[in-house]
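Computed from a predicted model, the values in this text were never measured in an experiment.
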Amino acid sequence: MHMQDWNAYRDALLGRVGEFAKQSPDVLRGLHTIETSASKTGLLEPKFHELIALAVAVTTRCDGCIAVHAKKAVELGATNGEIAEVLGTAIALNAGAALTYTARVFDTIASLPKE
């Protein structure tokens with residue numbers, strides 16, 4: 001199995017994002033506004049925001065998000081145990097969502113015209 005060089009990937013990604021920012025600075029400003037607005041209340045520690053971001057990154061399958069937020073989470077003191085716990089929640093929610101969506105399959109089958 002080939003392991004990704006996450007540091008090189010993150011650096012390359014941020015470089016590309018920087019190039020995009022030159023073409024569309026308002027989009028990046030808007031994203032920055034969204035990202036910082038979530039933490040303005042100060043009710044959660046920055047580390048918790050990063051842990052949540054990691055769980056969402058896994059759920060949305062965003063490698064770039066994983067590369068950026070894993071680094072930030074560790075820099076803010078997140079432990080492997082804390083990261084594993086939030087990722088366990090992401091796994092459970094993904095499995096739960098798949099289970100819940102099985103009802104849609106059976107609803108679809110039930111709505112098929114009877115021959």
Side-chain angles (χ1 to χ4, degrees):
M1 179 172 143
H2 171 67
M3 296 297 290
Q4 172 100 351
D5 181 343
W6 290 99
N7 292 318
Y9 173 74
R10 183 178 50 255
D11 292 344
L13 175 67
L14 294 176
R16 288 286 186 219
V17 168
E19 291 170 13
F20 175 75
K22 292 176 188 170
Q23 299 298 315
S24 253
D26 288 343
V27 171
L28 268 287
R29 276 194 289 276
L31 177 59
H32 180 72
T33 298
I34 291 169
E35 286 179 344
T36 58
S37 67
S39 61
K40 286 205 176 189
T41 62
L43 297 175
L44 296 176
E45 296 174 33
K47 177 177 79 170
F48 292 122
H49 285 272
E50 295 305 322
L51 290 169
I52 293 166
L54 281 175
V56 172
V58 166
T59 300
T60 58
R61 299 178 184 105
C62 178
D63 282 346
C65 300
I66 290 168
V68 169
H69 293 288
K71 182 176 187 287
K72 286 183 183 177
V74 170
E75 287 172 352
L76 290 169
T79 66
N80 283 350
E82 290 170 327
I83 292 168
E85 187 169 329
V86 299
L87 296 182
T89 301
I91 291 165
L93 272 260
N94 277 291
L99 176 61
T100 300
Y101 265 67
T102 62
R104 291 178 179 248
V105 172
F106 289 108
D107 282 349
T108 301
I109 292 167
S111 71
L112 293 173
K114 305 296 182 229
E115 296 181 17

Inter- and intrachain pairs under salt bridge (charged side-chain N to carboxylate O under 4.0 Å, His left out), touching [range], at least two apart:
{"range": "residues 34-43", "result": "none"}
{"range": "residues 86-112", "result": "none"}
{"range": "residues 41-56", "result": "Lys47-Glu82"}

Holding to salt bridge (Lys or Arg N to Asp or Glu O under 4.0 Å), I want the full list of residues that pass it with Lys71, two or more places apart in sequence or in another chain.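 Lys71 satisfies salt bridge (Lys or Arg N to Asp or Glu O under 4.0 Å) with Glu75 once adjacent residues are dropped.
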
Would [X] and [Y] show up in the same hydrophobic cluster when neighbours are defined by side-chain heavy atoms closer than 4.5 Å?
{"X": "Leu14", "Y": "Leu54", "answer": "no"}
{"X": "Val56", "Y": "Ile83", "answer": "yes"}
{"X": "Val74", "Y": "Val58", "answer": "yes"}

I'd like to check the side chain to side chain donor-acceptor pair (under 3.5 Å) partners of [X]; sequence neighbours left out, ordered by chain and number.
{"X": "Asp63", "result": "none"}
{"X": "Gln23", "result": "none"}
{"X": "Asp26", "result": "Arg29"}
{"X": "Glu85", "result": "none"}

Flag side-chain contact, heavy atom, 4.5 Å: Leu76 against Leu51: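 Counting from C-beta outward, Leu76 and Leu51 never come under 4.5 Å.
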
Heavy-atom pair of closest approach, residues [X] and [Y]:
{"X": "Leu13", "Y": "Gly64", "result": "CD2-CA, 3.4 Å"}
{"X": "Ser37", "Y": "Ile34", "result": "OG-O, 2.9 Å"}
{"X": "Ala55", "Y": "Ala90", "result": "O-CB, 3.6 Å"}

Inter- and intrachain pairs under side-chain hydrogen bond (donor to acceptor under 3.5 Å, both in side chains), touching residues 86-101, at least two apart: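 Qualifying pairs, neighbours excluded: Thr59-Asn94.
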
Going by the ring pair (Phe, Tyr, Trp, His ring centres under 6.0 Å) test, which pairs reach into residues 14-61, not counting sequence neighbours?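 Ring pair (Phe, Tyr, Trp, His ring centres under 6.0 Å) check on residues 14-61 returns no pairs.
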
Sidechain N-carboxylate O distance under 4.0 Å for Glu19, Arg16: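 A salt bridge links Glu19 with Arg16.
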
State the CG-OG distance between Leu31 and Ser24, to the nearest 0.5 angstrom.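 Separation between the atoms: 12.0 Å.
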
List the residues meeting ring pair (Phe, Tyr, Trp, His ring centres under 6.0 Å) with Tyr9, not counting sequence neighbours, and say none if there are none.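 With neighbours one apart ignored, the set is Trp6.
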
For Ile109, the other hydrophobic cluster members (4.5 Å side-chain criterion, sorted by chain and number) are Val105, Phe106

